[in-house]
Protein chains: 2
Amino acid sequence: MDMEAGTRPATDQEIYQRLWSAIAERQIGPGTRLKEEQLSEIFSASRARIRQVLQNLARDGLITLVPNRGAFVSQPSTEEARDVFFARRTIEERLVEKLCATIDAGGIDRLRNHVEAERRAHSNRDIAAAIRLSGAFHLLIAELAQSQILADLLRDLVSRTSLIMAMYRQKDVLNCGPDEHNAIVDCIVARDARKALAVMHHHLAHIENQLDLETDRVAARNLEDILGA
Amino acid sequence: MDMEAGTRPATDQEIYQRLWSAIAERQIGPGTRLKEEQLSEIFSASRARIRQVLQNLARDGLITLVPNRGAFVSQPSTEEARDVFFARRTIEERLVEKLCATIDAGGIDRLRNHVEAERRAHSNRDIAAAIRLSGAFHLLIAELAQSQILADLLRDLVSRTSLIMAMYRQKDVLNCGPDEHNAIVDCIVARDARKALAVMHHHLAHIENQLDLETDRVAARNLEDILGA
DNA sequence: ATGCGATGAATTGTCAACAATCATCTGGAA
DNA sequence: TTCCAGATGATTGTTGACAATTCATCGCAT
């Protein structure tokens, strides 16, 4: 949220990151249409580059590309939502299991510090930061587990999870606190792979169970207000 | 291997499929440079579309895009190779486990028929078909297990595995026969999830263990001879 | 003879204009 | 009034040309 738009060029990666954040952090609601020309003005980039970025976002499942119609922020169905959680359990259970065997002191420090940061954001009622850090925790585990392929996939799945929660979260349930994350770190530090796996499973199942199974549509918001200067 | 090139336009998907097959089935060796103009002539498509396809292939790990240099068929390192197998074990063990719980009669038929086709190709010494069917078996399991996300990822991993085997397979070892696949099907039919998981693990470990851990470079071949008319 | 710097060809990156496609709106007939 | 057909405007898809970058070659000084 730092660089001004509409003035100077922006690299492809910046545009991608910017849109990714805006979607994953729920600033742009599911179903919102993303027009190429509109984006090219906002980022002062040519349409060709915007198009390239949109294709990357589509491949990550964050947006849906409809031929001759354009790009829309994805609206995952309940089946897709369940599939995302199935894939996350598959991957993350294995990653924490591996991490228990390979973690070192530096890794433990990074995990502890991260959970601490989550706790601060939570007590400060900083919802946006809490959401971002909550996802980043899972990505940190993947990074420390040293499986590039699964880490890359998990990055996509985490952002899709944000999208899913934006659509299906019941309104009274707040974002889960850092307590469960802390429990996972404890298991890793104790090198108890069996328990770490179980706690991770419970954690993900917990999140999934908080969701509502009816389809909701979310009103589209104005892009310039979010991405513009 | 049916459509003639250089004459009529080809849709993006066709170009992608064509290159994907050529790389995954080892007709184009690792390290081969793919020039955009060359490909645009072969497929009689504009460079922009070629570029688009190349980016998709890069995201699937089949080719590597070097800025301002071009596209090269990937040469996975030994670490990346191990990571691919780690990811495959993670995913496929879970998929066969799930499949044991959800398989129906139609699915069993498809599995049996596929293994039979593999057996025929193997006894006919049809190496290309054997390679293709061997990969397709794993994809069939993923399809039947009904997890779109993991199936998509596995598709990429299977083609990367072909690339890895092209680079690191010891020359005397032939492609594994259909016997292990048959054993996996037996476990699924018996709905023995625990054993299915173990047999799948063994199968993938077996393939990985057949590999050599030294780096080999493979000579580049001529593109027109493979993709051209 | 060897190393270093300039030159040039080849290739990728970028862009703006053009063509094709789709949604919407209008108007008329049943 | 309702439905369908056609025109219209907006948006995406595609193309070819141009700019930027890289690699290889050659010349030159040491």
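Here is the naming used below: chain letters follow the sequence lines, and residue numbers restart at 1 for every chain. In this text, all values refer to a predicted model and were calculated from it rather than measured experimentally.
- One atom, CD1 of Ile50(B), and another, P of dT15(D), lie 10 Å apart when rounded to the nearest Å.
- Atom NZ of Lys35(B) and atom C1' of dT22(D) are 13 Å apart (whole Å).
- Between Arg69(A) and dA23(C) there is a side-chain N or O to OP1 or OP2 distance below 4.0 Å.
- Going from atom CD of Gln38(A) over to atom C1' of dA10(D) covers 13 Å, rounded to whole Å.
- Here dG13(C) presents its P atom at 10 Å from CG of Leu54(B), a figure rounded to the nearest Å.
- When the C1' atom of dA10(C) is taken as reference, atom CZ of Arg33(B) falls 9 Å away, rounded to whole Å.
- The distance between atom CD of Glu36(B) and atom P of dT14(C), rounded to the nearest whole Å, is 11 Å.
- The aromatic rings of His203(B) and His181(B) lie perpendicular to each other, with more than 60° between the two planes, well past the 30° mark.
- Looking only at side-chain heavy atoms (C-beta outward), Glu92(B) and Ile141(B) stay at 4.5 Å or farther from each other.
- Remark: Glu93(A) engages Arg94(B) in a salt bridge, criterion side-chain N to carboxylate O under 4.0 Å.
- Summary of the strand contacts: Ala71(B) and Pro67(A) both lie near DNA chain C, and taking for each the nucleotide with the nearest heavy atom, the more 5' one is attributed to Ala71(B).
- Within the structure, every side-chain polar atom (N or O) of Arg47(B) is placed at least 4.0 Å from both OP1 and OP2 of dG16(D).
- In this structure, Asn68(A) atom CG and dT14(D) atom P are separated by 8 Å, rounded to whole Å.
- Each of Asn56(B), Val73(B), Ile23(B) was evaluated against Leu62(B); a single residue qualifies, Ile23(B), per the side chain to side chain contact (heavy atoms under 4.5 Å, CB included) test.
- Across dT15(D), dG13(D), dC15(C), the shortest atom-to-atom separation from the side chain of Arg49(B) is found for dT15(D).
- The distance from atom CD of Glu41(A) to atom P of dT11(D) is 10 Å, rounded to the nearest whole Å.
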